[in-house]
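See structure below.
Letters A, B, ... mirror the listed sequences (proteins, then strands); counts begin at 1.
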2 protein chains.
Amino acid sequence: MTVTLADVAARAQVSPATVSRVLNGNYPVAASTRERVLRAVDELDYVLNGPASALAAATSDLVGILVNDIADPFFGIMAGAIQSEIGGPGGRAGGERLAVVCNTGGSPERELTYLTLLQRQRAAAVVLTGGAVENTAHATAVATKLRKLGEAGTRVVLCGRPPAPAPADADAVALTFDNRGGGRQLTEHLIGLGHRRMGYIAGPEERTTTRHRLEGHRDALAAHGIADDPARTVHGRYDRRAGYEATLELLRREPDLTAVVAANDTVALGACAALRDSGLRIPDDVSVVGFDDLPFSIDAVPALTTVRLPLADAGARAGRIAMGREEVPPGGIATIRGELMVRGSTGVPKGA
Amino acid sequence: MTVTLADVAARAQVSPATVSRVLNGNYPVAASTRERVLRAVDELDYVLNGPASALAAATSDLVGILVNDIADPFFGIMAGAIQSEIGGPGGRAGGERLAVVCNTGGSPERELTYLTLLQRQRAAAVVLTGGAVENTAHATAVATKLRKLGEAGTRVVLCGRPPAPAPADADAVALTFDNRGGGRQLTEHLIGLGHRRMGYIAGPEERTTTRHRLEGHRDALAAHGIADDPARTVHGRYDRRAGYEATLELLRREPDLTAVVAANDTVALGACAALRDSGLRIPDDVSVVGFDDLPFSIDAVPALTTVRLPLADAGARAGRIAMGREEVPPGGIATIRGELMVRGSTGVPKGA
DNA sequence: CTGTTAGCGCGTTCAA
DNA sequence: TTGAACGCGCTAACAG
């Protein structure tokens with residue numbers, strides 16, 4: 001039925017072992033022999049059997065990329081960058097690796113399921129992107145799973161996710177974003193403009209990204225002696241709708257807010273819509289800031305003040321590390337800072 | 001080292017075959033035996049060896065999803081929906097399938113490479129999303145590959161992509177978007193408002209989506225006796241920047257354009273930015289329409305008139321078909337229509 | 001309902 | 001530089 005290595009060997013009049021060697025290029029093979037084998041491969045249209053190869057070699061060409069939400073460009077951009085560094089040549093037989101992205105939908109269970117599936121496939125590497133869920137049970141389960149993956153020879157890289165508490169996965173490399181610093185910068189920018197009554201739309205609870213950005217915001221408030229009124233913080237998902245609803249809620253609680261700090265750009269867009277629908281002008285009546293600087297953020301009207309995260313660069317780096325093509329940062333951890341992008345959505349508060 | 005089926009069998013005091021049966025749930029097993037086996041699995045923390053399983057069963061739990069651009073929500077939304085229907089229980093051993101998305105970056109070569117990789121892995125199914133490249137050589141190569149995949153037992157589903165010319169892959173199911181109809185609706189909407197001088201920003205050449213949407217536009221023009229001036233059409237990529245530059249080019253060629261028809265929403269956003277930067281108001285000076293109705297389109301200011309494609313529904317359906325959980329449409333082809341969403345970005349032309 | 005027996009297709013020793 | 005032989009871990013017949 002399907003063409004096997006043995007078929008190719010017969011056609012090239014060599015042993016299966018030789019064909020294997022040609023394909024993997026790990027052993028010396030006479031040029032003429034190689035030539036003949038490759039021709040046979042071509043003529044028979046032979047395709048290596050991945051599972052058989054993986055079984056015999058005890059490792060596969062699969063590399064998994066876990067994302068929280070594949071429909072969110074935040075993850076799409078990182079995943080694309082990671083994949084571009086992995087997809088190229090460099091794998092075993094045939095020269096290509098299969099970089100695959102798995103969508104957890106932010107669900108801890110699915111995250112674990114995918115990790116198990118990847119473990120089952122004997123993946124060569126796994127890259128986990130985005131914030132982690134801060135549930136002790138789950139965090140432990142993930143850390144355990146990552147350790148097992150590492151022990152089984154799977155390289156594990158965290159991209160945009162803080163390292164798990166040592167020594168759970170001391171072997172996992174982590175490229176983490178300075179969410180706290182970014183959060184602080186944004187709020188300080190607003191404070192510098194004269195804002196004092198700022199609403200904060202946080203992401204889902206129990207997520208590291210949510211917590212760190214919020215902490216940065218509070219750090220800035222504290223540093224400037226501004227009281228942190230709990231009523232000014234609302235939690236929601238990382239999507240437009242959550243931003244819309246949270247903004248209406250914030251306005252209800254405190255109608256004379258002068259600024260809204262959103263957990264990310266998508267949420268900020270929803271916030272802008274809610275403000276417009278409430279008859280408020282941006283930034284004349286209320287300033288708005290986002291986070292991430294996704295491509296559409298510059299298209300908002302007015303353009304969004306935000307913190308730019310080098311998603312593509314970080315992803316590419318994570319991909320190279322996963323492939324063993326780039327040195328691991330000292331201590332296995334690198335913190336990547338964001339850059340404040342001041343644009344039209346922020347201005348001096350109304351009274352000033 | 002790693003725990004194998006045999007270890008579990010020994011611990012549960014049954015034969016390996018029985019363990020396999022319990023795991024796959026395909027054969028009757030006594031409840032008490034099953035119990036014992038599952039306990040052993042748990043105690044030993046056993047993880048099935050995917051490659052070995054795939055080798056023996058001649059099929060794997062892998063399902064591939066090919067997308068042109070993973071950073072584009074158009075694909076992200078479809079991929080997420082497909083994956084949600086596939087990721088669930090229903091696979092072999094362990095009950096889960098590994099739905100993986102592969103990013104071709106729009107490159108025909110990478111598309112073929114991924115198909116080969118998936119073929120190599122003996123994927124259970126493959127879903128190809130988005131428009132196809134209209135290059136004869138490549139189309140033939142893809143069709144051939146798809147046929148081979150089909151012959152090898154891999155289910156092939158096209159989602160948002162027109163069926164390849166029969167009989168190349170007569171076995172592939174195709175869910176295709178009515179891009180031509182959508183294009184026609186948009187232009188007819190503009191014509192109905194009184195527009196006559198419309199610029200068209202098309203997607204990349206040699207792509208079915210590009211061609212179909214453009215043809216719809218031209219159909220509408222022809223139906224209303226409006227001459228189709230080639231100078232009013234510019235090609236570019238499906239991104240914001242292309243929309244920005246193309247709009248400037250269109251304005252240069254014909255400053256008194258009253259409307260811009262963009263290949264998709266992302267491009268439309270770029271067009272809006274270019275118009276604003278040129279001092280033109282939307283829709284007072286120039287109307288703009290997009291295509292797809294991505295989530296951010298309603299957030300544009302003014303909100304974008306566009307054609308809504310049921311991306312999530314289509315993806316979910318494709319996923320179910322790939323899993324054999326939904327009937328194949330008659331003839332293997334289903335055309336999915338879009339819905340015209342009239343919003344603030346279109347209005348009567350200036351002179352009217 | 002369960003155990004035994006053969007491979008699945010390939011990588012990798014060990015000799016030659 | 002090449003071939004022969006073995007086993008990777010599992011599933012699928014076939015008996016029992």
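When the C1' atoms of four end pairs are superposed on the next four at each end of the helix from C/dC1-D/dG16 to C/dA16-D/dT1, using five pairs per end, the two resulting axes differ in direction by 30°, to 10°.
Under 4.0 angstrom from either OP1 or OP2 of D/dA12 there lies no side-chain N or O belonging to B/Ser20. At the phosphate of C/dT2, neither OP1 nor OP2 sits under 4.0 Å from any side-chain N or O atom of B/Thr18. Regarding contacts with the backbone of C/dG9, every side-chain N or O of A/Ser53 stays at 4.0 angstrom or more from both OP1 and OP2. OP1 or OP2 of C/dG3 sits under 4.0 Å from a side-chain N or O of B/Ser15.
Taking both residues in full, the closest heavy atoms of A/Thr129 and A/Phe75 are given as OG1-CD2, 3.4 Å, listed atom of the first, atom of the second, then distance. Nearest heavy atom pair, residue B/Leu118 against residue B/Gly64, reads CD2-CA, 4.0 Å.
Taking the nucleotide of DNA chain C with the nearest heavy atom to each of B/Ala52 and B/Ala31, the more 5' of the two is matched to B/Ala31. Nearer to the 5' terminus of DNA chain D, by closest-nucleotide assignment, is the contact made by A/Val29 (compared with the other of B/Asn49 and A/Val29). Map A/Tyr27 and A/Thr4 each onto its nearest nucleotide of DNA chain C; the residue landing nearer the 5' end is A/Thr4.
Atom CG in B/Asp7 sits roughly 9 Å away from atom P in D/dG9 (whole-Å rounding). One atom, CG of A/Leu5, and another, C1' of C/dG9, lie 7 Å apart when rounded to the nearest Å. Spacing between atom CZ of A/Arg120 and atom C1' of D/dG9 amounts to 13 Å, rounded to whole angstrom units. The distance between atom CZ of B/Arg21 and atom P of D/dG9, rounded to the nearest whole Å, is 21 Å. In this entry the distance linking OH of A/Tyr46 with P of C/dC10 reads 3 Å, nearest Å. The distance from atom CG of A/Asn26 to atom P of C/dT12 is 7 Å, rounded to the nearest whole Å. What separates CZ of B/Arg122 from C1' of D/dT11 is a distance of 16 Å, to the nearest Å. When the C1' atom of D/dC6 is taken as reference, atom CG of A/Leu55 falls 13 Å away, rounded to whole Å.
Contact annotation for B/Val19: no contact, since no heavy-atom pair falls under 4.0 Å across all strands. Looking at heavy-atom distances under 4.0 Å, B/Ala30 makes contact with sugar-phosphate atoms alone, never a base.
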| request: Test salt bridge (charged side-chain N to carboxylate O under 4.0 Å, His left out) on B/Glu111 and B/Arg161 and set out the steps. | output: CA-CA 14 Å; B/Glu111 180 168 274; B/Arg161 167 187 297 233; 3.1 Å; yes

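Here B/Arg325 pairs with B/Glu85 in a salt bridge; the nearest charged N to carboxylate O distance falls below 4.0 Å. Taking a cutoff of 4.0 Å between a charged side-chain nitrogen and a carboxylate oxygen, B/Arg317 and B/Glu326 qualify as a salt bridge.
In this structure, the side chain of A/Ser60 engages the main chain of A/Arg122 through a donor-acceptor pair within 3.5 Å.
Summarising the local packing, CD of B/Glu43 is surrounded by more than 12 heavy atoms from other residues, nucleotides or ligands at distances under 6.0 Å.
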